[in-house]
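Have a look at the structure below, then the notes.
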2 protein chains.
Amino acid sequence: MSFPVPGRKPISIKDIARQANVSHSTVSRALRNSPLVHPDTAEKIREIATSSGYRVSAVARSLVSRRTQTIGVVVTTIADPFNAEVVSGIEDVANAFGYSVFLASSQSDPVRELGVVHSFAERRVDGIIVNSSRVGSLYQELLSSLSIPVVFINNHNPGGFAYSVSIDDVAGARQITEHLLGLGHTRLAYIGDRFGLQSNLDRMAGFQDVIERAPQARRPARVVYGDGTSAGGAQAMGELLASNQAPTAVFCYNDRTAQGALSAIHEHGLRVPEDISVAGFDDLPVSSFCHPPLTTLRQPMNGMGRQAMEILEQLLSRNPKAPDMANKFVGDLIIRRSTGVPSIGKQL
Amino acid sequence: MSFPVPGRKPISIKDIARQANVSHSTVSRALRNSPLVHPDTAEKIREIATSSGYRVSAVARSLVSRRTQTIGVVVTTIADPFNAEVVSGIEDVANAFGYSVFLASSQSDPVRELGVVHSFAERRVDGIIVNSSRVGSLYQELLSSLSIPVVFINNHNPGGFAYSVSIDDVAGARQITEHLLGLGHTRLAYIGDRFGLQSNLDRMAGFQDVIERAPQARRPARVVYGDGTSAGGAQAMGELLASNQAPTAVFCYNDRTAQGALSAIHEHGLRVPEDISVAGFDDLPVSSFCHPPLTTLRQPMNGMGRQAMEILEQLLSRNPKAPDMANKFVGDLIIRRSTGVPSIGKQL
DNA sequence: CTGAAAGCGCTAACAT
DNA sequence: ATGTTAGCGCTTTCAG
């Protein structure tokens with residue numbers, strides 16, 4: 001069978017040099033289009049290189065240049081569509097700038113997260129982007145000791161060391177909550193994420209803050225917790241539904257949670273938004289195809305990934321333009337049909 | 001500001017050797033726990049290494065070992081939840097085996113796909129996994145010329161060169177179609193993917209085949225095309241709905257398409273499954289939270305990713321156990337509530 | 001047990 | 001315009 005042998009030694013510039021009767025440095029020059037080599041020899045060399053299927057060794061090159069043209073991206077899990085969108089944005093501009101990206105999941109396990117960062121350090125990545133880390137501050141220290149530029153996405157960094165791009169969670173939650181209040185709801189609830197993420201804290205804070213100032217709102221507003229997935233959202237919604245004073249409007253930590261809530265409400269035989277309004281956060285691609293289409297706060301996920309990579313690229317360029325440390329996006333309120341005025345019957 | 005300087009030179013075994021008053025080769029040995037070094041010196045060396053934050057340079061090591069402990073993964077886009085799940089499985093076992101993964105998206109652009117493969121080759125990845133390529137056979141040639149082991153996922157390879165893991169699309173489509181027929185439907189339709197993927201061809205073939213043998217089924221069955229996304233599915237479903245002889249059951253190329261179809265049906269004021277039954281293919285995590293929960297054919301996405309990486313690892317090990325070339329999974333029919341018996345009114 | 005020396009494939013002076 | 005030499009940080013003989 002003609003399967004390629006893994007260990008087969010790739011051809012090197014020396015091999016080409018021999019064939020072309022020149023020194024290996026001339027080959028090196030020719031292959032990088034240096035003007036210092038005679039057009040004819042250059043052509044000859046390139047020809048041999050092409051026909052022999054030569055490919056520079058990025059590893060050898062990196063050893064001398066001290067640059068790998070490589071970045072590391074840490075996510076909790078790529079199976080979360082939010083992270084996937086962000087990574088997609090990162091990858092896009094990384095590719096445009098000639099960087100390759102290492103992807104590693106932490107599975108929200110601090111040990112594993114430290115592990116992948118160490119592995120990135122050994123691989124001498126030029127930069128690191130950490131997305132939605134659930135790991136705390138001890139880790140922050142490690143990162144800053146690495147002397148590798150790091151950009152955080154949606155991750156509060158108490159240290160104030162690194163660069164970050166994030167969404168304004170508080171403002172976003174306010175917008176959603178005001179929208180709900182504006183519709184006439186008075187019994188609101190929040191379904192959070194139980195892992196104590198800063199983003200959850202902030203969204204809840206925005207929610208509570210608006211509730212505090214609304215005389216008509218029932219206080220304290222109910223708060224229950226999911227785990228950021230649809231299953232968690234469904235289960236949390238179940239708790240809300242089981243109480244005798246169920247809310248008429250629910251704001252969910254994210255769209256996945258909201259989808260679970262939607263599902264639980266339907267299973268319970270109630271309608272959205274007639275019986276209960278539901279709002280999410282993120283605006284995942286799938287959210288406009290929910291039933292009913294989900295009202296949510298759109299985060300520019302792709303754009304945030306892109307910006308993070310652009311910052312990194314700046315940091316890595318010969319003369320960095322000193323990007324802003326904290327880059328905060330404000331999301332857009334997307335009103336669809338999962339939120340509506342509370343029905344009279346329910347309200348009384 | 002104390003931001004780490006990108007260019008700062010990492011410390012090397014030579015630095016440690018100097019501090020420990022030994023040669024750099026002794027340091028190299030000690031750090032890899034060679035028994036050839038005296039416990040005391042070894043301890044001393046490790047101490048210095050730890051306290052100084054030393055990290056081996058994987059690039060220098062790779063240069064001599066001719067192994068990068070790195071694999072490259074090509075996907076069309078990571079924003080497709082199917083790919084994300086697969087990559088998640090790959091990453092998981094890669095991590096367990098000590099490999100890092102490069103992720104690159106082709107955006108279904110052949111030129112870009114060739115580009116990322118070349119970049120993988122230059123980076124001297126030990127192996128490559130190609131997921132759901134939309135690129136044809138010319139590319140097949142490139143890959144086999146690379147002398148790097150390649151494993152394909154859900155990608156027919158006419159050449160028969162490389163290893164592959166895939167789902168049995170034909171059998172899966174048959175199961176879905178038989179389920180629909182068994183419910184009593186006679187007017188079925190298929191919403192395909194217009195990009196001519198082999199998987200689309202196979203699913204359609206399985207569908208058609210079952211229809212052919214069913215005397216009660218209306219023939220030919222309607223076939224319209226989406227693009228594999230929910231938006232495409234919604235649009236294609238719209239076409240079906242516009243005709244005066246709309247089907248009572250629709251089988252969709254994948255779950256994303258099915259979600260779009262669901263949405264279009266609801267927009268049209270019809271109910272699922274009372275008016276129209278809808279079935280998908282994949283069983284994405286979100287599919288059980290659709291309204292109604294989606295009947296579909298479950299692919300072990302994560303498992304397929306895992307298996308692909310396991311095969312690669314075998315191929316890369318010192319004494320490969322010669323894995324099977326073609327590894328075909330058969331999916332599970334997951335019956336939820338988006339399919340049901342056709343209503344009498346509609347049937348007449 | 002430890003050190004000296006060679007070499008992995010490339011780039012970058014430094015000569016010529 | 002080209003060749004020679006050195007060196008990137010590590011592993012690996014080969015001597016002691």
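Just the heavy atoms: all of them, side chains too, but no hydrogens, waters or symmetry mates, feed the values below. Naming: A, B, ... by sequence-line order, numbering from 1 per chain.
- With sequence neighbours excluded, no residue satisfies salt bridge (Lys or Arg N to Asp or Glu O under 4.0 Å) with R123(B).
- Annotation: ring-ring contact (aromatic ring centres under 6.0 Å, His included) contacts of F102(A) (sequence neighbours excluded): F102(B).
- For S25(A), the side chain to side chain contact (heavy atoms under 4.5 Å, CB included) partners are S23(A), R29(A), not counting sequence neighbours.
- If you check residues 22-31 of chain A against DNA chain C, the residues with a heavy atom closer than 4.0 Å are H24(A), S25(A), S28(A), R29(A), listed by number.
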Quick one: do S28(B) and R32(B) satisfy side chain to side chain donor-acceptor pair (under 3.5 Å)? Show the steps, please. CA-CA 6 Å; S28(B) 174; R32(B) 275 170 311 133; 3.1 Å; yes
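- Listed by chain and number, the residues in a side chain to side chain contact (heavy atoms under 4.5 Å, CB included) with N327(A) are V165(A), Q307(A), I311(A), D324(A) (sequence neighbours excluded).
- Of the candidates I128(A), V150(A), I71(A), I90(A), I71(A) is the only one forming a side chain to side chain contact (heavy atoms under 4.5 Å, CB included) with L312(A).
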Pairwise N/O distances under 3.5 Å, protein to nucleotides 7-9 of chain C:
residue: dG9(C); atom: OP1; partner: R66(B); partner atom: NH2; Å: 3.0
residue: dG9(C); atom: N2; partner: A60(A); partner atom: O; Å: 3.4

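- Residues of residues 32-44 of chain B having a heavy atom closer than 4.0 Å to DNA chain D, listed by number: R32(B).
- Applying the salt bridge (charged side-chain N to carboxylate O under 4.0 Å, His left out) test to every pair with at least one member in residues 96-107 of chain B, sequence neighbours left out, gives no pairs at all.
- When each of T70(A), V93(A), D126(A) is checked for a side chain to side chain contact (heavy atoms under 4.5 Å, CB included) with Y99(A), only D126(A) meets the rule.
- Residue pairs meeting the salt bridge (charged side-chain N to carboxylate O under 4.0 Å, His left out) criterion with at least one member in residues 85-104 of chain A, sequence neighbours excluded, are E91(A)-R112(B), D92(A)-R306(A), D92(A)-R112(B).
- Remark: E122(A) engages R55(B) in a salt bridge (Lys or Arg N to Asp or Glu O under 4.0 Å) (not counting sequence neighbours).
- Among the protein residues, N21(A) comes within range of the sugar-phosphate backbone only, with heavy atoms under 4.0 Å from sugar or phosphate atoms but none that close to a base.
- On the nucleic acid side, DNA chain D contacts chain A at distances under 4.0 Å to non-hydrogen atoms, with the end points of that region at dA1(D) to dG9(D).
- Scanning for side chain to side chain contact (heavy atoms under 4.5 Å, CB included) contacts around L63(B) gives V59(A), A60(A), L63(A), with sequence neighbours left out.
- How far CE of M304(B) is from CD1 of I153(B): 6.5 Å, rounded to the nearest 0.5 Å.
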